[in-house]
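A short worksheet on the structure shown next.
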There are 2 protein chains.
Amino acid sequence: MGLTKIDTYSSLTLHKAAIFKALGHPARITILEYISKQTTCICGEIVAELPLSQASISRHLSELKAVGLIKGTITGTSVCYCLNLETLPLIIQFINQLHLPTPQTCCP
Amino acid sequence: MGLTKIDTYSSLTLHKAAIFKALGHPARITILEYISKQTTCICGEIVAELPLSQASISRHLSELKAVGLIKGTITGTSVCYCLNLETLPLIIQFINQLHLPTPQTCCP
DNA sequence: CTTATTAATCGTAATATTGCGATATAAAGA
DNA sequence: TCTTTATATCGCAATATTACGATTAATAAG
């Protein structure tokens with residue numbers, strides 16, 4: 001995150017920012033959409049789907065998992081990932097909470 | 001964005017990622033919520049509100065403007081910012097488009 | 001015209017992210 | 001047990017982000 005004055009923000013603000021930051025990379029957007037497209041859960045097929053190394057995919061998956069956007073379940077030697085339903089509503093809530101301007105209240 | 005293989009993603013995916021990335025910083029979350037809280041539009045009062053320098057605030061504002069999350073209007077020597085209604089729906093759309101798993105379709 | 005005022009931009013140092021090869025870990029199968 | 005398979009983690013190099021002081025640009029006020 002570069003030189004961020006992290007201690008000056010509320011933990012809620014930091015949490016929201018962390019979720020959005022996790023979504024702020026094309027590989028992670030692609031991974032998330034790929035996971036959601038499958039009716040059954042996914043494991044390392046993502047490595048075959050994206051032009052990234054296994055190490056990089058694993059890193060992206062753990063970032064998505066760290067902020068609670070996906071869940072992973074170990075099944076034998078492979079890991080099954082699926083969307084985590086608990087975190088997505090926070091994003092909707094953030095958007096809905098914003099007080100949208102009308103042409104009258106907005107800038108001249 | 002580090003070493004990103006930017007040319008391997010669709011422009012739509014890159015666009016979504018850019019919007020989320022702009023939201024992926026606590027200062028920009030704070031700025032966005034502050035702007036939305038005012039009934040009238042805001043200028044450099046944000047500098048007084050956040051513990052960041054004028055240069056840093058200006059940079060954050062231009063990032064939010066670059067992805068279309070806010071609009072700025074020059075009024076004399078100051079600049080009035082307000083939310084841009086056109087970009088927020090893209091975020092809602094991204095979330096809604098995700099096919100959410102049920103306990104049956106998800107991991108064991 | 002000169003001086004404030006406001007915001008954007010430049011240059012730079014500190015830090016974070018990204019991606020990969022190599023390696024480690026852990027379960028499954030021979 | 002030894003090997004295969006699948007995933008995570010480490011270490012590194014390349015690049016991006018963040019923040020700030022200093023400077024610039026542009027309008028307003030005197």
Side-chain angles (χ1 to χ4, degrees), chain A residues 1-9 13-14 17-31 34-35 41-67 70-82 107-108, chain B residues 1-9 13-14 17-31 34-35 41-67 70-82 107-108:
Chain A
M1 202 185 282
L3 243 175
T4 303
K5 292 176 146 189
I6 236 174
D7 46 313
T8 63
Y9 303 101
T13 298
L14 290 173
I19 293 171
F20 284 122
K21 189 164 74 148
L23 290 167
H25 191 285
R28 293 192 289 271
I29 292 283
T30 306
I31 289 173
Y34 182 76
I35 291 180
C41 287
I42 310 300
C43 48
E45 304 164 337
I46 301 166
V47 176
E49 199 74 11
L50 295 196
L52 290 174
S53 72
Q54 182 267 321
S56 300
I57 298 283
S58 182
R59 234 151 141 21
H60 284 305
L61 284 169
S62 79
E63 271 182 77
L64 290 170
K65 196 165 58 178
V67 298
I70 62 175
K71 283 189 287 193
T73 308
I74 301 172
T75 312
T77 56
S78 60
V79 177
C80 175
Y81 285 105
C82 63
C107 310
Chain B
M1 201 185 281
L3 242 174
T4 303
K5 291 176 143 185
I6 236 174
D7 46 313
T8 63
Y9 303 101
T13 297
L14 291 172
I19 292 171
F20 284 122
K21 189 163 72 148
L23 291 167
H25 192 284
R28 292 193 289 271
I29 292 283
T30 306
I31 289 173
Y34 183 76
I35 291 180
C41 287
I42 310 299
C43 47
E45 304 163 335
I46 301 167
V47 176
E49 199 73 12
L50 295 198
L52 290 174
S53 72
Q54 182 267 319
S56 300
I57 299 284
S58 182
R59 235 156 144 17
H60 284 306
L61 283 168
S62 79
E63 271 182 77
L64 289 169
K65 196 165 60 176
V67 298
I70 62 176
K71 283 188 286 190
T73 308
I74 301 172
T75 313
T77 56
S78 60
V79 176
C80 175
Y81 285 104
C82 62
C107 309

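Every heavy atom of this structure was used, including side-chain atoms; hydrogens, water molecules and symmetry mates were not. Each chain gets a letter, A, B and so on, in the order the sequences are listed, and its residues count up from 1.
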Beyond-backbone contact of B/Leu52 with A/Thr8, side-chain heavy atoms, under 4.5 angstrom |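 Heavy-atom side-chain distance check fails, nothing below 4.5 Å.
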**Prompt:** Mind checking whether A/Ile46 and A/Ile35 have side chains closer than 4.5 Å, heavy atoms only?
**Reply:**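 Yes, close enough: below the 4.5 Å cut-off.
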Protein-proximity profile, nucleotides 3-10 of chain C, B/S/- by nucleotide at the 4.0 Å heavy-atom cutoff, equals --BSBBB-
**Minimum heavy-atom distance between A/Gly72 and A/Lys65, given as atom pair plus value** =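 Distance-wise, the nearest heavy atoms are N-CD, 4.0 Å.
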Length of the line joining [X]:[atom1] and [N]:[atom2], which is rounded to integer Å:
X       : N      : atom1 : atom2 : value
A/Ile46 : D/dA8  : CD1   : P     : 10 Å
B/Leu52 : D/dA19 : CG    : C1'   : 8 Å
A/Leu14 : D/dT18 : CG    : P     : 14 Å
A/Glu63 : D/dT7  : CD    : P     : 18 Å
A/Leu50 : D/dT7  : CG    : C1'   : 16 Å

Working to the nearest 0.5 angstrom, can you tell me the gap between B/Lys21 NZ and B/Leu14 CG?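 B/Lys21 atom NZ to B/Leu14 atom CG measures 10.0 Å (nearest 0.5 Å).
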I'd like to know if the side chain of B/Ser58 and the backbone of B/Ala55 have a donor-acceptor N/O pair within less than 3.5 Å.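 Such a contact is absent between B/Ser58 side chain and B/Ala55 backbone.
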Hey, can you tell me if B/His60 and B/His25 have their rings parallel, tilted or perpendicular (30° and 60° cut-offs)?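 It falls in the tilted class, 30° to 60°.
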Closest-nucleotide mapping onto DNA chain C: is A/Thr75 or A/Ala27 further toward the 5' terminus? I mean the 5' end.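 Nearer the 5' end of the strand: A/Ala27.
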Between [X] and [N], is there a contact of a side-chain N or O with OP1 or OP2 at under 4.0 Å?
X       : N      : answer
A/His60 : C/dT17 : no
A/His25 : C/dG19 : yes
B/Lys21 : C/dT17 : no

